[in-house]
Participant: 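This structure is in structure tokens; I'll ask about it shortly.
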Amino acid sequence: MTQSMTGFARAQGENQQLSLVWECRSVNHRYLDISFRIPDLLRDLESAFRERISAHIKRGKLDLNLKYEVKNSGAQDLSLNVDRVQQLFHLQTQLGQHHSTIKELSVAEIIGFPGVLEEPVPDLDSLQSLALSVLDQTIEKLKETRAAEGQRTAELIRLRSDKIGEHIKALRKLMPEIHEHCRNRVMQKINELEQKPDNDRLEQELVFYAQRLDVDEELDRLASHVVELEKALHQKKPIGRRLDFLMQEFNREANTLASKSQSATSTQHAVELKVLIEQMREQIQNIE
């Protein structure tokens, strides 16, 4: 199943002591790049978080945010950081020595200063266990959203792949007419010459010219790339890099078709092929 690298997931959980929420945003990236915004109490688990994520996600830039609350933690459970308050008073005194207009801090201002009021510290084992459990739920939800987006992207790619197949069929049908037109044009030029060329040499030149115009191999390779693309879209493993390579191969054949073109119609087909390939390439940049 095609997986996108774009997605969002949110999961929450709780136990008797805590309630906890994980949020994860994912966008496309060449490799797997994970960044965390988590409480300091859980920094020791960051490597374990990364291992759990990398076991399921192979590419993408992931930004994860973790928040928790201790249940039943009212104002009565808060404690005052006396050292921090003393520091504030000391700083106020120093400022007052240089600026007489400095007013005294109010109680609300003191309490609102970071670190003055300290919330109760939760049980670390309980917090870590809950964080890991909810992270697993978040990863599963992220995989679901990336899979849904991946399916939508795959359908857009298939639509363009089908159109490429239509252009291949049209070019196959057109080539005999183009070859005949080119041969007649060459023969007309030859007939206009005052001196008639050697027939053997003429046949050799016509064969060489026909070989230069022949695009059967390019059309065959394009058709085989369409088949390979469809096979890749059905695979369950990450396919983004494989599809990148396929787009290079598609583009190579389209460029060759354009260089061999001998009519406005075949040139238009080659241009349309390149447009479709570029549109697919843009979509593929978001596939894992």
Participant: Among residues two or more places apart or on two chains, list those pairs meeting ring pair (Phe, Tyr, Trp, His ring centres under 6.0 Å) that have a residue in residues 240-288.
Facilitator: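 Output for this query lists His167-His269, His225-Phe250.
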Participant: Please lay out, stage by stage, how Ser266 and Leu257 fare under the test side chain to side chain contact (heavy atoms under 4.5 Å, CB included).
Facilitator: CA-CA 8 Å; Ser266 61; Leu257 285 173; over 6 Å; no
Participant: Looking at Gly7, is its backbone amide N or carbonyl O close enough to the side chain of Glu149 to form a donor-acceptor pair, meaning the two atoms are under 3.5 Å apart?
Facilitator: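 Such a contact is absent between Glu149 side chain and Gly7 backbone.
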Participant: Side chain to side chain contact (heavy atoms under 4.5 Å, CB included) with Arg10: which residues, sequence neighbours excluded?
Facilitator: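 With sequence neighbours excluded, Arg10 shows a side chain to side chain contact (heavy atoms under 4.5 Å, CB included) to Phe8, Gln12, Val21, Glu23, given in chain and number order.
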Participant: So which of Asn28, Ile57, Thr2, Leu32 actually passes side chain to side chain contact (heavy atoms under 4.5 Å, CB included) with Glu288?
Facilitator: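 It is Ile57; the other options fail the test.
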Participant: In chain order, what residues pass the salt bridge (Lys or Arg N to Asp or Glu O under 4.0 Å) check against Arg158, with sequence neighbours excluded?
Facilitator: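 Applying salt bridge (Lys or Arg N to Asp or Glu O under 4.0 Å) to Arg158 gives Glu155, Glu230.
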Participant: Which residue pairs pass the salt bridge (charged side-chain N to carboxylate O under 4.0 Å, His left out) test when at least one of the two sits in residues 162-173, sequence neighbours left out?
Facilitator: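 Listed once each, the pairs are Arg172-Asp220.
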Participant: Could you check whether any side-chain N or O of Ser26 sits under 3.5 Å from a backbone N or O of Leu62, counting only pairs where one atom can act as donor and the other as acceptor?
Facilitator: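 It does not hold such a pair.
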Participant: Is Ile38 close to Trp22 at the side-chain level, that is, under 4.5 Å between some pair of heavy atoms?
Facilitator: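 Touching, per the 4.5 Å side-chain cut-off.
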Participant: Would you tabulate the side-chain donor-acceptor contacts of residues 270-285 under 3.5 Å, counting partners in other chains and residues two or more places apart, or write 'none'?
Facilitator:
residue: Glu272; atom: OE2; partner: Gln268; partner atom: NE2; Å: 2.9
residue: Lys274; atom: NZ; partner: Asn255; partner atom: OD1; Å: 2.7
residue: Glu278; atom: OE1; partner: Arg281; partner atom: NE; Å: 3.1
residue: Glu278; atom: OE2; partner: Arg281; partner atom: NE; Å: 3.3
residue: Glu278; atom: OE2; partner: Arg281; partner atom: NH2; Å: 2.7
residue: Gln279; atom: OE1; partner: Arg160; partner atom: NE; Å: 3.0
residue: Gln285; atom: NE2; partner: Asp244; partner atom: OD1; Å: 3.2
residue: Gln285; atom: NE2; partner: Arg281; partner atom: O; Å: 3.1

Participant: Output side-chain donor-acceptor pairs under 3.5 Å for residues 127-139, partner residues at least two apart or in another chain, one line each.
Facilitator:
residue: Asp136; atom: OD1; partner: Arg52; partner atom: NH1; Å: 3.2
residue: Asp136; atom: OD2; partner: Arg52; partner atom: NH1; Å: 2.6
residue: Thr138; atom: OG1; partner: Val134; partner atom: O; Å: 2.8

Participant: Identify the heavy atoms of Ser35 and Lys61 that sit nearest to each other, and give their distance.
Facilitator: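 Heavy atoms only, the tightest pair is OG-NZ, 4.4 Å.
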Participant: According to side-chain hydrogen bond (donor to acceptor under 3.5 Å, both in side chains), who are the partners of Arg241, at least two apart in sequence or on a separate chain?
Facilitator: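 Expected list: none.
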Participant: Within the side chain of Ser54, is there an N or O that forms a donor-acceptor pair under 3.5 Å with the backbone of Arg50?
Facilitator: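 Side chain of Ser54 to backbone of Arg50: a pair is present.
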Participant: Under the side-chain hydrogen bond (donor to acceptor under 3.5 Å, both in side chains) test, which residues partner Arg37, sequence neighbours left out?
Facilitator: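 In terms of side-chain hydrogen bond (donor to acceptor under 3.5 Å, both in side chains), with neighbours along the sequence ignored, Arg37 is linked to no residue.
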Participant: Look up atom CD in Gln151 and atom CG in Leu233, then write down how far apart they are to the nearest 0.5 Å.
Facilitator: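 So the CD of Gln151 and the CG of Leu233 are separated by 9.0 Å.
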Participant: Working to the nearest 0.5 Å, report the span between NZ of Lys67 and CG of Leu20.
Facilitator: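 Result: 11.5 Å between the selected atoms.
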Participant: On a heavy-atom basis, which atom in Ala232 and which in Ile239 lie closest, and how many Å separate them?
Facilitator: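 Distance-wise, the nearest heavy atoms are O-CD1, 3.3 Å.
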Participant: Less than 4.5 Å apart, any side-chain heavy atom of Ile287 and any of Ile157?
Facilitator: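 A side-chain contact exists here, since the closest heavy-atom pair is under 4.5 Å.
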Participant: If two hydrophobic side chains count as joined below 4.5 Å and joins carry through other members, does Leu66 share a cluster with Leu41?
Facilitator: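 Yes, because Leu66 and Leu41 connect within a single hydrophobic cluster, where side-chain heavy atoms sit under 4.5 Å apart.
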Participant: With sequence neighbours excluded, tell me which residues meet side chain to side chain contact (heavy atoms under 4.5 Å, CB included) with Thr256.
Facilitator: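 If we apply the side chain to side chain contact (heavy atoms under 4.5 Å, CB included) test to Thr256, skipping adjacent residues, the hits are Glu218, Ser259, Lys260.
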Participant: Leu18 vs Asp123, test: side chain to side chain contact (heavy atoms under 4.5 Å, CB included). Steps then yes/no.
Facilitator: CA-CA 9 Å; Leu18 305 161; Asp123 177 73; over 6 Å; no
Participant: Could you tell me if the side chain of Ile53 sits less than 4.5 Å from the side chain of Leu64, heavy atoms only?
Facilitator: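 Answer yes - side chains close enough.
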Participant: Can you tell me how far OG of Ser161 sits from CG of Leu159, rounded to the nearest 0.5 angstrom?
Facilitator: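 That separation rounds to 9.5 Å.
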Participant: What is the distance from atom CZ of Arg221 to atom CG of Leu219, rounded to the nearest 0.5 Å?
Facilitator: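 Those atoms lie 9.5 Å apart.
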Participant: Checking Glu140 now: which residues fulfil side chain to side chain contact (heavy atoms under 4.5 Å, CB included) with it, not counting sequence neighbours?
Facilitator: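 Scan of Glu140 (side chain to side chain contact (heavy atoms under 4.5 Å, CB included), adjacent residues dropped) gives His56, Lys143.
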Participant: Is the ring pair Phe49/Phe36 parallel, tilted or perpendicular, if the boundaries are 30 and 60 degrees?
Facilitator: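 Rings of Phe49 and Phe36: tilted, 30 to 60°.
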Participant: Report the distance from atom OG1 of Thr6 to atom CG of Leu142, rounding to the nearest 0.5 Å.
Facilitator: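 The OG1 atom of Thr6 sits 10.0 Å away from the CG atom of Leu142.
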Participant: Check the pair Val70, Gln17 against side chain to side chain contact (heavy atoms under 4.5 Å, CB included), reporting the backbone distance first and the verdict last.
Facilitator: CA-CA 6 Å; Val70 180; Gln17 300 178 0; 5.7 Å; no
Participant: Report whether Met5 and Met247 are members of the same hydrophobic cluster (ILVMFWY, side-chain heavy atoms less than 4.5 Å apart, transitive linking).
Facilitator: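 Cluster IDs for Met5 and Met247 differ.
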Participant: Verify the cluster assignment for Leu42 and Ile34: are they in a single hydrophobic cluster under the rule of side-chain heavy atoms below 4.5 Å apart?
Facilitator: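 Yes, Leu42 connects to Ile34 through the hydrophobic network.
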Participant: Could I get the full list of side-chain hydrogen bond (donor to acceptor under 3.5 Å, both in side chains) partners for Gln3, not counting sequence neighbours?
Facilitator: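 Result, side-chain hydrogen bond (donor to acceptor under 3.5 Å, both in side chains) vs Gln3: none returned.
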Participant: Please identify each residue that fulfils side-chain hydrogen bond (donor to acceptor under 3.5 Å, both in side chains) with Ser4, with sequence neighbours left out.
Facilitator: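 If we apply the side-chain hydrogen bond (donor to acceptor under 3.5 Å, both in side chains) test to Ser4, skipping adjacent residues, the hits are Asn286.
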Participant: For Arg43, is there an ion pair with Glu46 - N to carboxylate O distance below 4.0 angstrom?
Facilitator: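 Looking at Glu46 and Arg43, the cut-off is met.
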Participant: Between Lys237 and Gln235, what is the shortest heavy-atom contact and its length?
Facilitator: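 Heavy atoms of Lys237 and Gln235 come nearest at CE-OE1, 3.1 Å.
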